[in-house]
Structures are given as structure tokens and as C-alpha cells.
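What follows is one structure encoded as C-alpha cells, with my remarks underneath.
Protein chains get the first letters and strands the later ones, always in sequence-line order, with residue 1 at the start of each.
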Amino acid sequence: MATYKEEAIVLRAYDLGEADRILSLITAGRGLRRAVAKGIKRTRSKFGGRLEPFTRLHAVLHEGRNLDTVVQAEIVRSHAPLRADFAKFLFGEAMLEMIEKSLHEDQNIPRLFDALCVTLDILEGDVEDPALLLAAFELKVCALIGYHPRLDRCLHCGRKIEGERVCMDLCGGGIACDSCSSSLESRLAVSPENLSLMRSLLNEDMATIAKRGESHRASRDALVTAFRFSESFLDRPLKTRQVVLHYLDSR
Amino acid sequence: MLYTPPIARLVEELSKLPGVGQKTAQRLAFHLLKIPGEEARSLADAIIEARERVTFCSRCFNFAQGELCDYCMDSRRDPTLVCVVERPQDIVAVERTGEFRGLYHVLGGAISPIDGIGPEELKIRELLERVRKDGVREIIVATNPRVEGEATAIYLADLLKPLGVRATRIASGLPVGGDLEYADEVTLGRALKGRLDL
């Protein structure tokens with residue numbers, strides 16, 4: 001079993017026994033990995049606050065049969081501002097979970113790591129509406145893992161869609177016009193305004209989206225549509241979503 | 001069958017405990033069979049008694065033997081000062097310092113959206129109720145200095161400030177006996193931010 005160096009972002013940490021934790025990491029070169037951080041819960045641990053979720057680090061890991069072991073960790077960017085703002089923390093956690101649930105262990109899609117790095121860096125700064133940033137992130141991750149949503153033409157008849165009420169075909173991975181959508185089993189009604197916003201979120205870069213401001217209703221609708229779309233491809237439920245929507249509804 | 005049924009059952013039940021695997025459960029089971037019957041019965045009685053008599057304090061949600069826990073019943077403690085912790089075990093850690101003479105409030109965990117735990121799953125509503133009713137003047141948030149604990153602290157501060165109560169956070173920084181050279185950036189940064197006049 002070899003020791004290797006990787007740049008990684010901590011997605012999640014679970015308690016293991018009295019003082020250890022299991023980390024879920026997305027690495028730049030080896031995709032999703034799980035590793036044990038021994039003794040991390042002790043106040044005198046050599047890891048200190050280096051292995052908290054959101055932290056981007058240079059890690060030295062020892063490969064194990066089931067789990068790797070963290071040998072060394074140096075912070076590249078702690079993303080500390082995400083811990084100081086509840087909304088940013090909440091939407092950031094949703095992003096981390098999206099990445100964790102999109103990949104199988106050892107599966108590597110390098111652009112996912114890059115996308116998460118860029119998005120967390122942006123989330124740390126001034127963001128007009130973090131819900132829009134999360135909706136865009138969900139759509140872009142879907143595209144990167146091979147489920148690029150088709151939002152310009154009807155999936156079934158190929159007709160170009162412009163300014164009309166349509167349905168999201170949740171199994172097909174795109175929109176369906178009014179006449180084609182009646183027979184669909186799994187669909188979600190999408191207003192022309194929501195469709196237009198979804199297209200922008202998919203096509204614009206994250207820095208531009210961070211400056212975008214929409215009404216509360218519009219950004220919530222876009223987020224719900226993005227959630228429903230990505231849920232149809234991920235075979236596991238995402239726990240952050242309920243908390244995110246509850247938070248948005250309480251504002 | 002590896003063991004006679006009563007031993008197999010004992011091993012199975014012990015292996016359900018946190019951190020106890022099959023091998024440890026087996027070792028514990030054989031130890032319990034070796035000790036005098038009186039000692040084994042005393043252990044069984046202790047488990048049953050704790051399960052039957054321990055409840056949650058209706059005010060702070062610490063473990064209690066009746067309606068209120070020992071801390072809430074102690075009239076010498078300052079009821080206007082409340083320390084908020086994640087779990088009842090954390091109270092023991094704070095008490096060991098001997099530095100705190102107020103009351104406690106146990107949230108029952110920290111906000112962790114990735115585990116599906118939002119503010120509604122914690123005893124936050126009850127804390128706000130206490131602040132309104134009991135004339136609390138300061139809330140010390142002593143959640144764990146992890147991402148989830150920090151987020152919970154921020155969330156509580158946002159709710160408490162409009163109520164006119166002072167919300168404070170326990171300091172975090174270098175452990176006593178630690179070495180500056182080995183401190184991580186986050187911890188050292190916090191230690192610098194929270195520096196004190198000499």
C-alpha cells in the first residue's frame with residue numbers, strides 16, 4: 001500500500017470511535033476518497049482545524065484496503081468566511097453534498113474538483129443570492145457528470161422552445177413542450193421566466209451568477225427545479241435540500 | 001453454533017454498543033461470566049435503574065432524575081447566565097473547569113444540513129422561550145468549534161440579538177502546553193483575533 005500526495009477538499013466528516021473521524025474527500029487526481037484522521041478530536045491533535053469541511057488542503061495519505069489514512073495536511077484555503085455566515089454555510093454544505101453524492105468511490109471527474117474550488121471561492125466573497133449560485137452549481141455538476149440538461153428544444157419533437165410554459169422531463173433530462181409532456185410520467189411544470197433563468201444559470205459563469213439578483217420566488221423556483229432535475233439522476237436522497245428549502249421559506 | 005444461546009445473546013447485545021465490535025463483545029461477555037454473580041447483577045441493575053429513572057430536564061434538557069436537573073434546582077447558580085452546549089456530556093466538561101456558575105441549555109446536537117439536521121431538530125425554540133420568560137441577560141454559546149458548531153453559534157446569535165440579550169462565544173485558540181509552530185492557520189488566526197491585554 002502506497003503513500004500519495006493529493007490536493008483535496010474535505011466534503012464531510014463522520015465520527016469514528018472516541019477520537020477518530022472518517023473524512024470524505026474530493027481529490028484533484030483520484031476523485032472521491034475516504035480517509036481516517038486518527039486522534040483528530042483530541043485538542044492536542046496534530047491536525048488541529050485543518051480537516052474541517054470546506055477546507056482545501058495539500059494532503060499526504062496512506063492508501064488502505066478500505067479506507068486511506070491521513071498522514072499530513074496543510075491548508076491551501078480554509079474558506080473560513082463560510083463558517084461565519086449561516087446562509088453561506090448552508091448553501092455551501094448543499095454543494096459539498098451534491099459533489100459527494102454525484103461520485104462513486106474512486107470515480108474521478110477532474111473538472112468537478114475545479115468547479116467546487118471555483119464555486120467555494122466565489123461563495124466566500126460577495127454573493128447577491130446564494131440560492132441562485134447553488135441552483136447553477138447543481139445544473140453545472142449534472143452537466144459535468146454526463147447529464148447536461150437540454151433546455152432549448154423539446155426533447156421529444158425537437159421544436160425550439162421560446163417564451164412558453166413547458167414541463168421538465170425528469171427522466172429524459174430536458175424540457176418537453178406542452179403537447180409532448182402530457183404523456184410523461186415524471187414531469188415538473190416550468191414557467192417561461194423560470195426556463196429563461198435556468199438557461200442563464202447553466203450558461204453563465206459562476207462569477208457572473210454571483211452578481212445576479214432575482215426575486216425570492218424566482219430564485220426559489222429555479223432552485224427547486226434544479227433540485228428535482230439532479231435528484232432524478234442521483235440514486236441517493238440529498239439531506240441538505242430539506243434544510244435549505246425550509247431556510248428559504250422562513251426568510 | 002459457536003456459543004450456547006444465552007452467551008450468544010449476550011455477545012449480540014453487547015456488540016450493539018458504540019465502539020464495541022464482535023471480538024470486544026465476546027471478551028466482555030466472557031468477563032461478565034467470570035466475575036461474581038453479585039457484580040454482574042449490580043451492573044444489570046445499574047443499567048435498568050438508569051434507563052427507568054433518568055429523564056430529560058424540562059427546562060434545560062440535561063439528564064435529570066425528576067422534572068428538573070440538579071443544576072436547574074440549585075438556587076446558588078445565576079439563572080440570568082446560560083451556557084448553551086450540544087450534548088449533556090459537554091456540561092460535565094464545562095463544570096470541570098469550575099469557572100461557570102450559571103445554568104445550561106442542551107441543544108441536542110448542532111446544525112448539520114448534510115446529516116439532515118436543521119434548526120427545527122434542535123431545542124432552539126425552547127432556548128428562545130427561556131430567554132423571553134426567565135430574564136436571561138447573557139447566553140454563552142459553547143458548541144464545539146467545528147464547522148457545524150460554528151454555524152449553530154452564528155445562527156443563535158442572529159436570533160438572540162434582536163431579543164436584547166448578550167450572546168457570547170467561548171474563545172478558541174491554542175491548547176495550553178501546545179507549540180505555536182505546529183498550530184494550523186485557522187486556530188492560530190482565531191487565537192490572534194481573540195488576543196487579550198496583558
Candidate pair B/E120 and A/Q242, rule side-chain contact (heavy atoms from CB on, under 4.5 Å), full reasoning: CA-CA 11 Å; B/E120 297 71 34; A/Q242 206 62 31; over 6 Å; no
Can you confirm whether B/P113 sits close enough to A/F89 that some side-chain heavy atom of one is under 4.5 Å from a side-chain heavy atom of the other?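 B/P113 vs A/F89: side chains touch.
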Can you tell whether the side chains of B/R146 and A/D15 come within less than 4.0 Å, N to carboxylate O?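 Yes.
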Contacts of B/H105 that satisfy ring-ring contact (aromatic ring centres under 6.0 Å, His included) - sequence neighbours left out: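 Per chain and number, B/H105 pairs via ring-ring contact (aromatic ring centres under 6.0 Å, His included) with B/F61.
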Looking at [options], which has the largest count of heavy-atom pairs under 4.5 Å with chain B?
options	value
A/P53, A/A94, A/S78	A/P53
A/A80, A/A84, A/S250	A/A84
A/K239, A/E97, A/R241	A/K239
A/E52, A/E74, A/K88	A/E52

Heavy-atom distance under 4.5 Å to chain A: side chain of B/I111, backbone, both or neither?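 Both the backbone and the side chain of B/I111 come within 4.5 Å of chain A.
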Contact class of B/D179 relative to chain A, heavy atoms under 4.5 angstrom: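 Neither part.
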What do you reckon, is [atom1] of [X] surrounded by more than 12 foreign heavy atoms closer than 6.0 Å?
X	atom1	answer
A/K41	NZ	yes
B/D70	CG	no
B/F30	CZ	yes
B/E38	CD	no
A/H216	NE2	yes
A/Y247	OH	yes
A/E231	CD	yes
A/E18	CD	no

Counting only heavy atoms closer than 4.5 Å, note whether [X] contacts chain B via side chain, backbone, both or neither.
X	result
A/R21	side chain
A/D20	neither
A/K101	neither
A/Y14	neither
A/L11	backbone

Reported CG-to-CG distance for the pair B/D184 and A/L51, which is rounded to 0.5 angstrom: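 B/D184 atom CG to A/L51 atom CG measures 9.0 Å (nearest 0.5 Å).
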Which of residues 147-171 of chain B get closer than 4.5 angstrom to chain A, counting heavy atoms alone?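 Answer by number: B/V147, B/E148, B/E150, B/A151, B/I154, B/Y155.
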Looking only at heavy atoms, which two atoms of B/I114 and A/R12 are closest? And how far apart?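 Minimum heavy-atom contact is O-NH2, 3.4 Å.
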Checking A/R83 against B/V186 for the side-chain contact (heavy atoms from CB on, under 4.5 Å) test, could you report, in this order, the C-alpha distance in whole Å, the side-chain angles of both residues, the deciding distance, and whether it holds? CA-CA 11 Å; A/R83 303 169 197 199; B/V186 180; 3.7 Å; yes
